[in-house]
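First comes the structure, then the notes that go with it.
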Amino acid sequence: QVQLVQSGGGLVQARGSLKLGCVSSGNTICIKLMGWYRQAPGKERELVATITSGDVTNYADSVKGRFTISRDNAKNTVYLQMNSVKPEDTAVYFCHAHSPAYGMTYWGKGTLVTVSS
């Protein structure tokens, strides 16, 4: 079992920065992939970024060069640093984890990021 608790989110101006966090608990050693997804109003949920247990990262084209995903294993936490945000980044952001040992995926409850101007 894995539980994900998100932090961050809120209102930020365009070209500003915001940092999201996601703390995992439970059998975290079994997690091999973590990531962030987002869902904007009227849109499908889309992948934003992923990071493997070996710190290999992948980003959606729309956020490359602006967002950075990272992890702190000591704190069982994954972060999403959002820089140079745009109004189109407005969405509910979800933390995600995958555990091959369980054959399951886990989701955070989501947090709203609103970019103004």
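Quick caveat, the model's predicted, so the values are computed rather than measured.
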For this session: Give a yes or no on whether Gln39 atom CD has more than 12 heavy-atom contacts from other residues, nucleotides or ligands under 6.0 Å away.
Result: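 Yes, the 6.0 Å shell around CD holds more than 12 heavy atoms from other groups.
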
For this session: Take atom CZ of Arg45 as the centre, draw a 6.0 Å sphere, and report whether it contains more than 12 heavy atoms from other residues, nucleotides or ligands.
Result: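 Count over threshold, so yes.
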
Euclidean distance, [Y] [atom2] relative to [X] [atom1], rounded to 0.5 Å:
X	Y	atom1	atom2	answer
Met34	Ser53	CE	OG	11.5 Å
His96	Leu4	NE2	CG	9.0 Å
Ile31	Arg71	CD1	CZ	7.5 Å
Asn27	Gln3	CG	CD	8.5 Å

Exercise. Would Tyr79 end up clustered with Val113 when hydrophobic side chains under 4.5 Å apart are linked, directly or stepwise?
Worked result: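 The answer is no; the residues belong to distinct hydrophobic clusters.
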
For this session: Please answer: with hydrophobic residues joined when any side-chain heavy atoms are less than 4.5 Å apart, are Val12 and Trp36 in the same cluster?
Result: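 Linked, Val12 and Trp36 end up in one cluster.
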
Side chain of [X], backbone of [Y]: donor and acceptor closer than 3.5 Å?
X	Y	answer
Thr28	Ser25	no
Thr90	Glu88	no
Ser24	Asn76	yes
His98	Tyr106	no

Does any part of the side chain of [Y], heavy atoms only, come nearer than 4.5 Å to the side chain of [X], both counted from C-beta?
X	Y	result
Tyr59	Val48	no
Met82	Leu20	yes
Ile69	Val78	yes
Ser116	Leu11	yes

For this session: Ignoring hydrogens and angles, state whether a donor on the side chain of Gln6 or Thr111 is under 3.5 Å from an acceptor on the partner side chain.
Result: no

Exercise. Quick one: do the Asn83 and Ser17 side chains pair a donor with an acceptor below 3.5 Å?
Worked result: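 Their side chains do contain a donor-acceptor pair, which is all the 3.5 Å distance test asks for.
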
Exercise. In the hydrophobic clustering (ILVMFWY, side-chain contacts below 4.5 Å, transitive), which residues join Trp107, or is it alone?
Worked result: Tyr37, Leu47, Val92, Phe94, Leu112

Exercise. Of all residues at least two apart in sequence or in a different chain, which pass the side chain to side chain donor-acceptor pair (under 3.5 Å) check with Arg66?
Worked result: Asp89

Exercise. What are the two closest heavy atoms between Pro87 and Ala14, and how far apart are they?
Worked result: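 Shortest heavy-atom separation between Pro87 and Ala14 comes out as CD-CB, 4.2 Å.
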
Exercise. side-chain contact (heavy atoms from CB on, under 4.5 Å) between Ser62 and Arg38: does it pass, once the steps are laid out?
Worked result: CA-CA 12 Å; Ser62 60; Arg38 68 185 182 186; 3.4 Å; yes

